[in-house]
Amino acid sequence: MAEDLKIVKGRKEEQYQSIYPQIEALLRGETDVIANLANIAAALKEQFNWFWVGFYLVKDEELVLGPFQGPVACTRIQKGRGVCGTSWAQAKTLIVEDVDAFPGHIACSSLSKSEIVVPLIKKDVVWGVLDVDSDTLAAFDEQDKLWLEKIINLL
Ligand code: SME
């Protein structure tokens with residue numbers, strides 16, 4: 001396993017093209033899901049320096065905070081609540097350009113301005129979500145959706 005990530009600067013596409021195979025290499029041969037979620041969060045944080053990157057996992061019909069990088073966060077989210085709970089309920093990726101305009105958004109930090117949430121789905125069942133927050137408005141678009149879904153598919 002590589003000990004250090006190679007971090008490139010430049011366009012978002014170039015950054016994803018660089019980090020994707022490195023995440024693939026980090027996950028290769030490792031079957032422990034928490035270890036893999038932790039390394040994905042760390043690699044994405046290091047590459048993009050987003051405000052918050054992490055996972056919530058479905059446990060007893062709630063989302064519970066999992067491996068993450070960034071400031072401390074809310075620990076439990078109900079189904080259908082906030083961006084994460086809505087992504088879970090709808091089983092689809094949500095891009096929120098302005099979190100203040102999203103009804104029911106859960107503000108773990110007032111510094112978070114935009115967000116993307118990607119559901120983790122196995123056999124048609126959502127078992128968690130990847131949540132990424134930025135401290136700038138409209139930081140995420142279809143390109144992030146495509147690449148983050150591709151990264152999640154490595155799990
Ligand atoms: N904003 C999320 C809550 C999780 S934190 O951003 C880490 C939401 O509305 O679901």
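When a ligand or atom number is given, it counts from 1 through the structure's own listing order.
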S.K.: How far does OG1 of T31 sit from CG of N36, to the nearest 0.5 angstrom?
M.R.: 8.0 Å
S.K.: Check if Y56 has a non-hydrogen atom at a distance under 4.0 Å from any atom of ligand 1.
M.R.: yes
S.K.: Does the pair F68 and Y56 meet the rule for a ring-ring contact (aromatic ring centres under 6.0 Å, His included), with working shown?
M.R.: CA-CA 9 Å; F68 72 96; Y56 282 89; 8.3 Å; no
S.K.: Please classify the W52 to ligand 1 contact at 4.0 Å (heavy-atom distances, strictly less than): side chain, backbone, both or neither.
M.R.: side chain
S.K.: I need the minimum non-hydrogen distance between P119 and V129, along with the two atoms involved.
M.R.: CA-CG1, 4.1 Å
S.K.: Can a donor-acceptor pair be found between the side chains of E149 and T93 at a distance below 3.5 Å?
M.R.: yes
S.K.: May I ask you to identify the nearest protein heavy atom to atom 8 (C) of ligand 1, giving residue, atom name and distance to one decimal place in Å?
M.R.: V83 N, 3.3 Å
S.K.: Please check: side-chain N/O of S18 versus main-chain N/O of E14, any donor-acceptor pairing under 3.5 Å?
M.R.: no
S.K.: Passes side-chain contact (heavy atoms from CB on, under 4.5 Å), L63 versus W88? Steps please.
M.R.: CA-CA 9 Å; L63 285 172; W88 174 20; 3.6 Å; yes
S.K.: Side chain or backbone, does I106 bring an N or O within less than 3.5 Å of an N or O on ligand 1?
M.R.: yes
S.K.: With heavy atoms under 4.0 Å as the rule, classify the contact between F68 and ligand 1 as side chain, backbone, both or neither.
M.R.: neither
S.K.: What atoms in ligand 1 come closer than 4.0 Å to a heavy atom of C108?
M.R.: 3 (C), 4 (C), 5 (S), 7 (C)
S.K.: Report yes if some N/O of C74 lies less than 3.5 Å from some N/O of ligand 1; otherwise report no.
M.R.: no
S.K.: What part of V99 sits under 4.0 Å from ligand 1 if we count only heavy atoms: the side chain, the backbone, both or neither?
M.R.: neither
S.K.: Looking only at protein heavy atoms, which one is nearest to atom 7 (C) of ligand 1, and how far off is it?
M.R.: D131 OD2, 3.5 Å
S.K.: Looking at S110, is its backbone amide N or carbonyl O close enough to the side chain of K113 to form a donor-acceptor pair, meaning the two atoms are under 3.5 Å apart?
M.R.: yes
S.K.: Is there a ring-ring contact (aromatic ring centres under 6.0 Å, His included) between F140 and W50 once you walk through the steps?
M.R.: CA-CA 11 Å; F140 307 105; W50 287 315; 5.5 Å; yes
S.K.: Heavy-atom distances under 4.0 Å decide this one: backbone, side chain, both or neither, for D133 against ligand 1?
M.R.: side chain
S.K.: Going by the atom numbers of ligand 1, which of them fall below 4.0 Å from some non-hydrogen atom of G82?
M.R.: 9 (O), 10 (O)
S.K.: Any ion pair linking D141 and K12 (charged N to carboxylate O, less than 4.0 Å)?
M.R.: yes
S.K.: I need the nearest protein heavy-atom contact for atom 10 (O) of ligand 1: residue, atom name and distance, please.
M.R.: C84 N, 2.8 Å
S.K.: What atoms of ligand 1 come within less than 4.0 Å of a heavy atom belonging to E115?
M.R.: 1 (N), 2 (C), 6 (O), 8 (C)
